[in-house]
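A quick write-up on the structure given underneath.
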Amino acid sequence: MKLWGGRFTKEENQLVHNFNESLSFDRKFYRQDIQGSMAHVKMLAKTGIISNDDRDAILNGLEGILSDIDNGKLEFTNEHEDIHSFVEANLIERVGEAGKRLHTGRSRNDQVALDMKLYARDEIRELDGLVKELLLALHNIMKDNIDTFMPGFTHLQKAQPVTLAHHIGAYFEMFKRDRGRLKDIYERMNYCPLGSGALAGTTYPLDREMTAELLDFYGPTLNSMDSVSDRDYLIELLSALSVIMMHLSRFSEEIIIWNTNEYRFVEIDDAYSTGSSIMPQKKNPDIAELVRGKTGRVYGALMSMLTAMKGIPLAYNKDMQEDKEFTFDAIDTVKGCLALFTGMLKTMTFRRYVMEESAKKGFTNATDAADYLVGKGVPFRDAHGIVGQLVLFCIDKNIALDDMTIEEYKSISPVFDEDIYDAISLKTCVEKRVTIGAPGMEAMKKVIELNEKYLCGQAL
Ligand code: ARG
């Protein structure tokens with residue numbers, strides 16, 4: 001049954017129906033659609049546009065529809081064009097005449113704008129909670145590892161020693177910014193488009209403040225043409241989701257590398273690994289690889305959305321129906337990735353000894369050896385050259401700087417003394433980096449304290 005059959009003389013072609021329909025995917029926000037209708041109908045009664053009796057009949061009917069969908073009694077049948085038509089048709093079937101008054105002063109254009117906003121808003125809250133869970137997991141790893149030394153890398157070559165807490169702390173910052181982005185989007189989008197009608201408002205004396213308040217918005221939107229054709233908040237959301245995926249993907253890549261036979265920095269728990277059908281020895285990091293792989297489809301959703309919107313003249317055009325499938329998929333993908341990734345991280349074993357040995361072997365303390373010479377009056381450029389010679393010497397003998405004898409040191413530069421060993425120990429190298437943001441333990445403790453406070457703060 002069509003909502004708009006009156007003006008038409010021919011039945012809709014089946015292929016046209018299939019091409020045009022959105023019920024197969026916009027059923028996902030039936031809850032929000034009904035929630036919006038309930039607010040609308042309460043306002044219609046309050047402003048005297050419909051009677052209280054009609055309001056009560058409609059509310060009853062809508063509640064029935066909601067619970068029947070929830071517990072599977074009411075099934076979506078594909079003769080309906082979209083979720084809005086489906087709910088309205090069912091309502092009329094249940095409550096008769098009164099149901100026909102629900103759509104007074106409303107268009108599907110402001111209705112769908114509202115539904116999508118309500119849906120996105122609910123999902124943003126959920127996403128925020130999942131990112132917070134991940135931050136908590138990172139925080140716990142940081143607290144336990146302020147003295148777990150490991151090599152820090154540039155160009156994927158060992159560079160300077162850091163700690164596991166410091167390395168994980170970098171991701172803490174990234175995901176903290178991600179939460180900030182979600183919050184910004186929430187704040188900007190939280191205005192109610194209901195009451196904008198098809199594009200030009202309505203002639204009914206609607207109380208838009210009332211519906212905005214009932215639906216927990218900051219207030220009504222201020223331009224009806226923009227209200228029905230604004231999908232900026234979805235583009236912003238898909239962009240924030242893309243950044244989350246980019247972060248998760250980088251992290252996944254590191255875990256995949258750390259989990260290799262060559263690195264052995266971590267061991268992914270059996271529950272988060274998979275085997276090979278042919279090679280009995282294999283334990284593969286599939287979860288991390290899938291997270292890395294799924295990043296592309298979230299980027300794809302962002303590109304699709306930007307492209308869909310770029311040529312649309314004001315106000316509503318059907319192109320906008322394309323906002324849904326990609327967005328739903330992107331949100332579900334990110335939620336899945338966040339949950340799985342956090343689980344993998346919580347159960348992963350960090351091989352502290354292996355990390356520390358690796359930091360020792362890669363000349364990560366070479367900069368500190370040069371700084372030692374500078375401390376004894378050698379110009380930095382000369383010190384750099386001298387330590388370069390030490391490194392060559394060690395590579396030739398397959399030893400670390402720490403393993404050279406004092407005589408060997410002195411043969412390269414007489415400036416070296418016994419205190420060189422302490423100066424280049426991993427502990428000293430890390431501990432001397434005390435400015436805020438650096439891996440030194442005192443600096444890390446301050447950051448962890450700030451993170452703790454941040455985590456106690458308000459969720460969305
Ligand atoms: N299914 C439509 C959408 O998702 C609902 C709005 C329909 N409005 C219209 N004028 N045809 O955009």
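Just follow the structure's listing: the first ligand is 1, and inside any ligand the first atom is 1.
- Using a 4.0 Å cut-off to heavy atoms of N109, the atoms of ligand 1 that qualify are 8 (N), 9 (C), 10 (N).
- For atom 11 (N) of ligand 1, the nearest protein heavy atom (residue, atom name, distance) is R108 NH2, 3.7 Å.
- At the top of the distance list for atom 2 (C) of ligand 1, counting protein heavy atoms only, stands Q321 OE1, 3.2 Å.
- Side-chain atoms of D269 and T347 include no donor-acceptor pair closer than 3.5 Å.
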Please assess L127 against V334 for the test side-chain contact (heavy atoms from CB on, under 4.5 Å), listing each intermediate value before the final yes or no.
CA-CA 8 Å; L127 283 157; V334 176; 3.8 Å; yes
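- Ligand 1 has K324 within reach: a non-hydrogen atom of the residue lies less than 4.0 Å from it.
- Of all atoms in ligand 1, numbered sequentially from 1 with element shown, those under 4.0 Å from a heavy atom of D82 are 1 (N), 5 (C).
- Nearest heavy-atom pair across M444 and A438 is SD-O, 4.0 Å.
- Judged purely by distance below 3.5 Å, without hydrogens or angles, the side chains of R108 and Y316 never pair a donor atom with an acceptor atom.
- Remark: the N145 side chain and the R352 side chain contain an N/O donor-acceptor pair separated by less than 3.5 Å.
- Backbone and side-chain nitrogen or oxygen atoms of H84 are examined, and none is located within less than 3.5 angstrom of a nitrogen or oxygen of ligand 1.
- Between H167 and W258, the two ring planes are perpendicular [angle over 60°; tilted spans 30° to 60°].
- Nearest protein heavy-atom contact of atom 7 (C) of ligand 1 is Y316 OH, 3.7 Å.
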